[in-house]
Amino acid sequence: MQPEDVWGNRWLECTLTMAKRYMTVAWEKQSLVCLAADRNTMSGLFELLEQVGPHIAALKTHVDLIDDWSAEGWAKFCATAEEYNLLIFEDRKFADIGKISRSQMAGIYDIRSWSNIVTAHLISGPDIVDGLQAAWHDVGRDGGVLLLAQMSSRGNLLTTDYRDSVVAKGAASAGVLGFIGNGSRPEELEELRNKVGDGKMIWTPGVNIAIGDGEMGQRYGDPREAVLAGSDCIIVGSGIHRSDNPAAMAKQYAEASWNALLER
Ligand code: S5P
C-alpha cells in the first residue's frame, strides 16, 4: 500500500510540499499522532521524545514555556526529532500583522530555522501567512501554516462565521497547510471538513481516549471519532505525557488513528 492508497483524495488535492511530507511520514510510521510535548524542562522533553519518538508523526512544541531553554540544547533536541523522522511544529499561534509575524519567526528562538509547521490566527488578515512564509524563505526553508478555524477550549470566540472566513481565505492561500479543528466535537469537525473539502489538512487538539472535560476549560473527544469526522492528525498532549507509560499510550493512539484512517 502506498500513501495515496490510504490518504485517497487528500493525497491528490493537498499539494503543499509539507502536506505531502506529513502524509508520507504518517504512512511510514502508521501513526496520525502529533505529540503536544508540553514539558517545562529540556531533560523532560528529551525523555519524552526518546519514549514516544517511534510512535508519532509530528512533534508539537511551545518553545517559550521551557525554563532552561538554550540554543544549543534546542538544536540537539530538533536533531533528535529529525532522527525519529518527525515534523517539528511550533504552536506559536502568531496573530500580528504580516511584517511583525515575519520578525517574530526570527528573534531569540529563531523559529523559522527549525520549524516545519507553525500555527496562526487569521484575525489580522491574510498577510500573516505571507509574513510567515517570507520568514522561512529568508533562511532558505519551506514550511506550512495551520490556521485556527476552531478551538477545543470552552467559551472560545471563534464563531461559525469567523470559521467560514478563515476557511475561505485559507483555502485560497498556497502557504496554508490546513486548519486547526476542534477534536472534542466530531459533529463540529465534520462541518469543518465539509467546508474545507480535500484540498487542505485538518489537525485536531482536544483528543484523549478518556473523553470529557479537562483542566481549565479544555475538552476532549475520542481519537477514532475525530479521524472519522475528517481529522488528518490528532494532537495529543496529556493523554500521552501525563500517563504512567507514555510509550504504550503513544502506541495506542497511533493504532487508533491509523486504523481509523484505514476505515475512513
Ligand atoms: O484549540 C486548541 C488549539 C491548540 S493548538 N486547543 C489546544 O489544546 N491546542 C493545543 O493542543 C494546546 O496548546 C496544547 O499544547 C495541546 C493540547 O494538550 P492536551 O494536554 O490538552 O492534550
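- When all heavy atoms of Pro186 and Glu225 are compared, the closest pair comes out as CG-OE1, 3.2 Å.
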Distance-only donor-acceptor pairs under 3.5 Å for side chains of residues 146-153, two or more places apart:
unit_1	atom_1	unit_2	atom_2	d
Gln150	OE1	Asn182	N	2.8
Gln150	NE2	Glu188	O	3.2
Ser152	OG	Gln218	OE1	2.5

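- For Leu157, the CG atom counts as loosely surrounded, since its 6.0 Å shell holds 12 or fewer non-hydrogen atoms of other residues, nucleotides or ligands.
- Shown here for Ala81 and Ile88, the closest heavy-atom pair between the two residues is CB-CD1, 4.0 Å.
- Met216 and Leu65 fall into different hydrophobic clusters, where Ile, Leu, Val, Met, Phe, Trp and Tyr are joined by side-chain heavy atoms under 4.5 Å apart, directly or via other members.
- Here the options are Ile100, Thr119, Val145, Ile111, the test is side-chain contact (heavy atoms from CB on, under 4.5 Å), and the partner is Phe94; only Ile111 passes.
- Rounding to the nearest 0.5 Å places CD1 of Ile117 at 13.0 Å from CG of Leu132.
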(request) Report the C-alpha distance between Asn208 and Val236 in whole Å, list the side-chain angles of each, state the deciding distance to 0.1 Å, and finish with yes or no for side chain to side chain contact (heavy atoms under 4.5 Å, CB included). (result) CA-CA 7 Å; Asn208 199 305; Val236 184; 5.7 Å; no

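- Between the side chain of Lys20 and the main chain of Cys14, a donor-acceptor pair closer than 3.5 Å is present.
- Note that Lys29 lies outside the cation-pi zone of Tyr84, set by a 6.0 Å cut-off to the ring centre and a 45° limit from the axis.
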(request) Check step by step if side chain to side chain contact (heavy atoms under 4.5 Å, CB included) holds for Val118 and Trp136. (result) CA-CA 11 Å; Val118 299; Trp136 274 311; 3.8 Å; yes

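- Side chains of Ile235 and Asp91 form no contact here, defined as non-hydrogen atoms less than 4.5 Å apart.
- Atom-to-atom distance recorded for Leu45:CG and Leu59:CG is 8.0 Å, nearest 0.5 angstrom.
- With a 4.5 Å cut-off on side-chain heavy atoms, Phe77 and Thr61 count as touching.
- To the nearest 0.5 angstrom, Asp67 atom CG is 11.5 Å from Met42 atom CE.
- In this structure, Arg141 has no salt bridge (charged side-chain N to carboxylate O under 4.0 Å, His left out) partners at least two apart in sequence or on a different chain.
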(request) Walk me through it: do Arg193 and Asp232 pass the test salt bridge (charged side-chain N to carboxylate O under 4.0 Å, His left out)? (result) CA-CA 10 Å; Arg193 177 49 78 192; Asp232 300 311; 2.7 Å; yes

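- What you find for Ile202 and Gly230 is that their closest heavy atoms are CB-O, 3.9 Å.
- For the pair Trp7 (side chain) and Leu261 (backbone), a donor-acceptor distance under 3.5 Å is absent.
- Side-chain contact between Leu192 and Val167: present, with at least one pair of heavy atoms (C-beta onward) separated by less than 4.5 Å.
- With hydrogens and angles disregarded, a donor-acceptor distance shorter than 3.5 Å links the side chain of Lys200 to the backbone of Val176.
- Residues Val25 and Leu86 do not share a hydrophobic cluster, defined by chaining ILVMFWY side chains whose heavy atoms lie under 4.5 Å apart.
- Cluster membership for Val139 and Trp114, using ILVMFWY side-chain heavy atoms within less than 4.5 angstrom, is not shared.
- Of the possible donor and acceptor atoms, one in the side chain of Gln133 sits under 3.5 Å from a partner among the backbone N and O of Gly175.
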(message) Checking Glu47 against Gln51 for the side chain to side chain contact (heavy atoms under 4.5 Å, CB included) test, could you report, in this order, the C-alpha distance in whole Å, the side-chain angles of both residues, the deciding distance, and whether it holds?
(response) CA-CA 6 Å; Glu47 183 193 42; Gln51 288 168 326; 4.2 Å; yes

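- The two residues Ala254 and His55 come nearest to each other via the heavy atoms CB-O, 3.5 Å.
- Atoms CD1 and CD1, on Ile97 and Ile128 in that order, are 9.5 Å from each other to the nearest 0.5 Å.
- Taken together through direct or relayed side-chain contacts under 4.5 Å among Ile, Leu, Val, Met, Phe, Trp and Tyr, Phe46 and Ile56 form part of one hydrophobic cluster.
- Side-chain N or O atoms of Asp110 include none that pairs as donor or acceptor with a backbone N or O of Ser113 at under 3.5 Å.
- Residue Ile123 comes nearest to Ala95 through the heavy atom pair CG2-O, 4.0 Å, listed as atom of the first residue, atom of the second, then distance.
- In terms of modelled atom types and a separation under 3.5 Å, the side chain of Trp27 and the main chain of Asp5 share no donor-acceptor contact.
- Residues Trp258 and Leu32 are in side-chain contact: their nearest non-hydrogen atoms beyond the backbone lie under 4.5 Å apart.
- Side-chain contact of Gln104 with Asp96: a donor-acceptor pair under 3.5 Å is absent, judged by distance alone.
- Across all their heavy atoms, Arg219 and Asp213 have their closest contact at CG-OD1, 4.0 Å.
- Aromatic rings of Trp69 and Tyr109 (six-membered ring for Trp) have centroids within the 6.0 Å cut-off, being under it.
- With rounding to the nearest 0.5 angstrom, the CZ atom of Phe89 is 11.5 Å from the CG atom of Leu35.
- Leu158 and Val129 fall within the same hydrophobic cluster, defined by Ile, Leu, Val, Met, Phe, Trp and Tyr side-chain heavy atoms under 4.5 Å apart, directly or through other members.
- Under a 4.0 Å N-O distance rule, the pair Glu255/Lys251 qualifies as a salt bridge.
- The pair Asp161-Arg163 fails the salt-bridge criterion, with no side-chain N (NZ, NE, NH1 or NH2) lying under 4.0 Å from an Asp/Glu carboxylate O.
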(message) For Val227 and Asn259: C-alpha separation, side-chain torsions, deciding distance, then whether side chain to side chain contact (heavy atoms under 4.5 Å, CB included) applies.
(response) CA-CA 9 Å; Val227 174; Asn259 290 335; over 6 Å; no

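- Using a 4.0 Å cut-off between charged side-chain N and carboxylate O, Asp138 and Arg102 make a salt bridge.
- In this structure a side-chain-to-backbone donor-acceptor pair under 3.5 Å is present from Arg39 to His241.
- When side chains are defined from C-beta on, Leu189 counts as touching Ser231, because their heavy atoms get closer than 4.5 Å.
- The closest donor-acceptor contact from the side chain of Asp130 to the backbone of Asp127 lies at 3.5 Å or more, if one exists at all.
- Listed for the His121 side chain is no donor-acceptor partner under 3.5 Å among the backbone atoms of Lys93.
- Judged by distance alone, with hydrogens and angles left aside, the side-chain atoms of Glu263 form no donor-acceptor pair with the main-chain N or O of Leu228 at under 3.5 Å.
- Here the straight-line distance linking atom CE of Met105 with atom NE2 of His137 works out to 10.0 Å at 0.5 Å rounding.
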